[in-house]
Amino acid sequence: MPETKLKVELPDGSELELESGATGADAAAAIGPGLAKAALALKVDGELRDLSAPLAGGETIEIVTDRSPEALELVRHDAAHVLAEAVLDIWPGAKISIGPPIESGFYYDIEFPEGEAPGPEDLERIEERMREHISADEPFERRELPVAEAVEHFREEGQDYKVELIEDLQRDEGASTVTLYRNGAFEDLCRGPHGPSTGRIGAFKLTSLAGAYWRGDETRQMLTRVYGTAFLDRKALAAHLEMLEQAKERDHRKLGPELDLFRFRPESPGMPFWLPNGSVLLELMQEEVRGQLRKRGYREIRTPEVLDEELWHRSGHWDNYKENMFFVESEDRRFALKPMNCPGACLVFGSTRHSYRELPLRLAEFGKVFRNEREGVLHGLLRVRSFTQDDAHVYCTEDQVTGECVDIIEAIDELYARFGFDDVRLELSTRPQKSIGSAEQWERAEAALRGALESAGRDYQLNPGDGAFYGPKIDFHVTDALGRSWQLGTCQLDFFMPERFELGYTGADNAEHRPVMIHRALLGSMERFAGILIEHHGGRLPLWLAPVQATVLPVADRHNDAASEIAAELREAGLRVGIDERSESVGRKIRDAELAKAPYMLVVGDREQEAGVVSVRSHEGGDLGQMKPGELAARLAAESR
RNA sequence: GCCCGGGUAGCACAAUUGGUAGUGCACCGACCUUGUAAGUCGGACAGUGCGGGUUCGAGUCCCGCCCCGGGCUCCA
């Protein structure tokens, strides 16, 4: 007989002796009753398993509890199963497909019987049913089944999507068996693992309904996706819902019109109308970018928005981007609105001869581009049909690439910090399957970008195969005040375009050479960046970006003249100042200024008029007492830096 | 493009089983002359996204279109 004991190693390096045939749950119990109770799953040599999984001995195990980082994913996956269970209770004819945990919760894609698709009001009904299953604390039970039996099983139940999944698994991964998990009367095809029972789902909520194609393929069946979120306890759920509420409050689509920054009109879906305040904001952002351009030797160009269709054949956009372009016709000539600025920049470069002495030649353009995005994907300022890129194209030699990219990384760091984003993440994307150029060329290009990242001393994430077909790239991401991540700037190498446009420069050897082109954008889209800024700051932009930095509030009509003088003096000092001359009470004017998110309010009444001062109130600090206009201007100027 | 939900005054919302479209804020006018988040009174403003249909009668029901919102692999 083999030995009756087995040994496993624990994360702290100690050994645990167990009876042979012991499971993860036994291991947890052997360590302590508290842990046994808290245990959700097991990690065997770093791989997540069910608690009920038998141990072989010799492996390193870790008990996953509600405090483990994996716990959320586990519980959400459990919740997805309970969701499917509840749906099948209510709609026995429903066909379920997949139901994974996702970043913010979980979902399940389901085909409901014809004409019985649920509405938002049905979510509560499903939730109620789910709660019943959770309080019943149904254990998750795993079993393994040969593929043929599993297919038979799901075919009998009319679960066609499961049958398809299993058949695909067999074909693509050579699976001979699949695993099923049962909770209550419900059994689902699932890789697992799962928590011990449904009772461990601390708190959940179904959040929304959406359509989703089976396997994301728009030629296939449209399913109903039920979204939900789950947490280990009520408090965490409440915090998450609170965060969503906050995000709603900060939504730039709500704040933009409220603060008179921009608005949308049906006359031009996906193209914003910028109001005076919003124009000021864009202008300030642009000035900040221009500061970087001046500092780093970029020169600004402007190229046409409308260009002959032929150009887009030459640039390759016709083949790759035609569906997203707008076209216009005039006098039998077909033109396209530019979706990108690079061809224009290449025409500028190519229209004169260049010497190696001019390189790197850095041409920047605040270029307005037009992209005919499908209607359904438009989303406020974040996904539009026209926007302004703070674009630039650097023409240089291969040797110069690293230096240029370091410079771009620095520019982005400085710029993002200035706008209040400290957490910048870099990603390097390398050669994709479909690409042009030689292997050596790619190797050198990727090495140049890696070199830039290293000499800038930056950590980065590698995305192999995620580059553009014409060259590798570095993307820049920031995290906003609500913890959401946004991709902003980009720095891409391009071997393709200089080739296509037959660009050249005369080298020191008096021969013609092909320059390398770097596309780079710092903020990306000015409009999109403005939208992200608005959400990041909750509409309360930092003083230097506030379209109106201070509002002068005369106490009574007789103070209007004095107030105008103050306003004029502050404007003279370069501040953006408004004035509220309505015959309203001070309280009212303050309220309205606060709602307009004015950083400073300057009250002028008898006392101030006499002393030649203003009473200053800031949103943050409340009443700051009296100041002379000059003092105030200096203070605000200092704060704006 | 597709699925689900929505569209009533500038904005937020209301309108029994189909039965004369309302309220608040904003706006305009008058009064008040105001001291750190809403002063008082009065007035004007939509024919219900657009087009058709059913009906004695449609914001409510039906059809088509437009726009807005949530989504459309984070793959058992």
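A note on names: the letters A, B, ... follow the listed sequences, proteins ahead of strands, and every chain is numbered from 1.
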Greater than 12 external heavy atoms within 6.0 Å of A:Glu124's CD = no
For the side chain of [X], starting at C-beta, report the closest nucleotide among [options].
| X | options | result |
| --- | --- | --- |
| A:Arg607 | B:G35, B:C74, B:C75 | B:G35 |
| A:Ser208 | B:G70, B:A37, B:G39 | B:G70 |
| A:Val377 | B:C25, B:U34, B:C72 | B:C72 |
| A:Val603 | B:A37, B:U36, B:C2 | B:U36 |
| A:Leu169 | B:C72, B:A38, B:A76 | B:A76 |
| A:Val555 | B:A76, B:G35, B:U33 | B:G35 |
| A:Arg588 | B:A76, B:G39, B:C68 | B:G39 |
| A:Ser585 | B:A76, B:U34, B:C3 | B:U34 |
| A:Asp606 | B:G35, B:G70, B:A76 | B:G35 |
| A:Glu218 | B:G35, B:G1, B:A76 | B:G1 |

Taking atom [atom1] in both [N] and [M], compute the distance separating them and give it to the nearest angstrom.
| N | M | atom1 | value |
| --- | --- | --- | --- |
| B:C4 | B:C75 | P | 26 Å |
| B:A15 | B:U20 | P | 14 Å |
| B:U55 | B:U60 | C1' | 13 Å |
| B:A26 | B:C41 | P | 13 Å |
| B:C25 | B:G43 | C1' | 16 Å |
| B:C45 | B:G1 | C1' | 39 Å |
| B:U33 | B:G69 | C1' | 46 Å |

When we call it a touch if two heavy atoms are under 4.0 Å apart, what does [X] touch: a base, just sugar-phosphate, or nothing?
| X | value |
| --- | --- |
| A:Gly376 | base |
| A:Tyr227 | sugar-phosphate |
| A:Leu189 | base |
| A:Ala210 | base |
| A:Asp217 | nothing |
| A:His379 | sugar-phosphate |
| A:Thr224 | nothing |

Judged by modelled atom types alone, do [X] and [Y] share a side-chain donor-acceptor pair under 3.5 Å?
| X | Y | result |
| --- | --- | --- |
| A:Asp50 | A:Tyr181 | yes |
| A:Ser485 | A:Arg425 | yes |
| A:His194 | A:Asn183 | no |

Do A:Phe326 and A:Trp312 have their ring centres less than 6.0 Å from each other?
-> no
Side-chain ion pair, A:Asp217 and A:Arg215, N-O less than 4.0 Å | no
Is it true that A:Glu249 and A:Lys254 make a salt bridge, defined as a side-chain N closer than 4.0 Å to a carboxylate O?
-> yes
Atom-pair distance ([atom1] on [X]; [atom2] on [N]), nearest Å:
| X | N | atom1 | atom2 | answer |
| --- | --- | --- | --- | --- |
| A:Arg215 | B:C74 | CZ | P | 13 Å |
| A:Leu595 | B:A37 | CG | P | 12 Å |
| A:Arg582 | B:C25 | CZ | P | 14 Å |
| A:Glu267 | B:C66 | CD | P | 15 Å |
| A:Ile166 | B:A76 | CD1 | P | 13 Å |
| A:Arg263 | B:A26 | CZ | C1' | 12 Å |
| A:Glu584 | B:G39 | CD | P | 6 Å |
| A:Gln221 | B:G71 | CD | P | 21 Å |

Parallel under 30°, tilted from 30 to 60°, perpendicular over 60°: which one fits the rings of A:Phe262 and A:His252?
-> tilted
The Watson-Crick or G-U wobble partner of B:C25, with both key distances under 3.5 Å, is B:G10
With both distances kept under 3.5 Å, what pairs with B:A38, Watson-Crick or G-U wobble?
-> none
Checking only heavy atoms, does the side chain of A:Tyr213 share a donor-acceptor pair with the base of B:G71 at less than 3.5 Å?
-> no
Anti versus syn assignment for B:G47, with syn defined as within 90° of 0 | syn
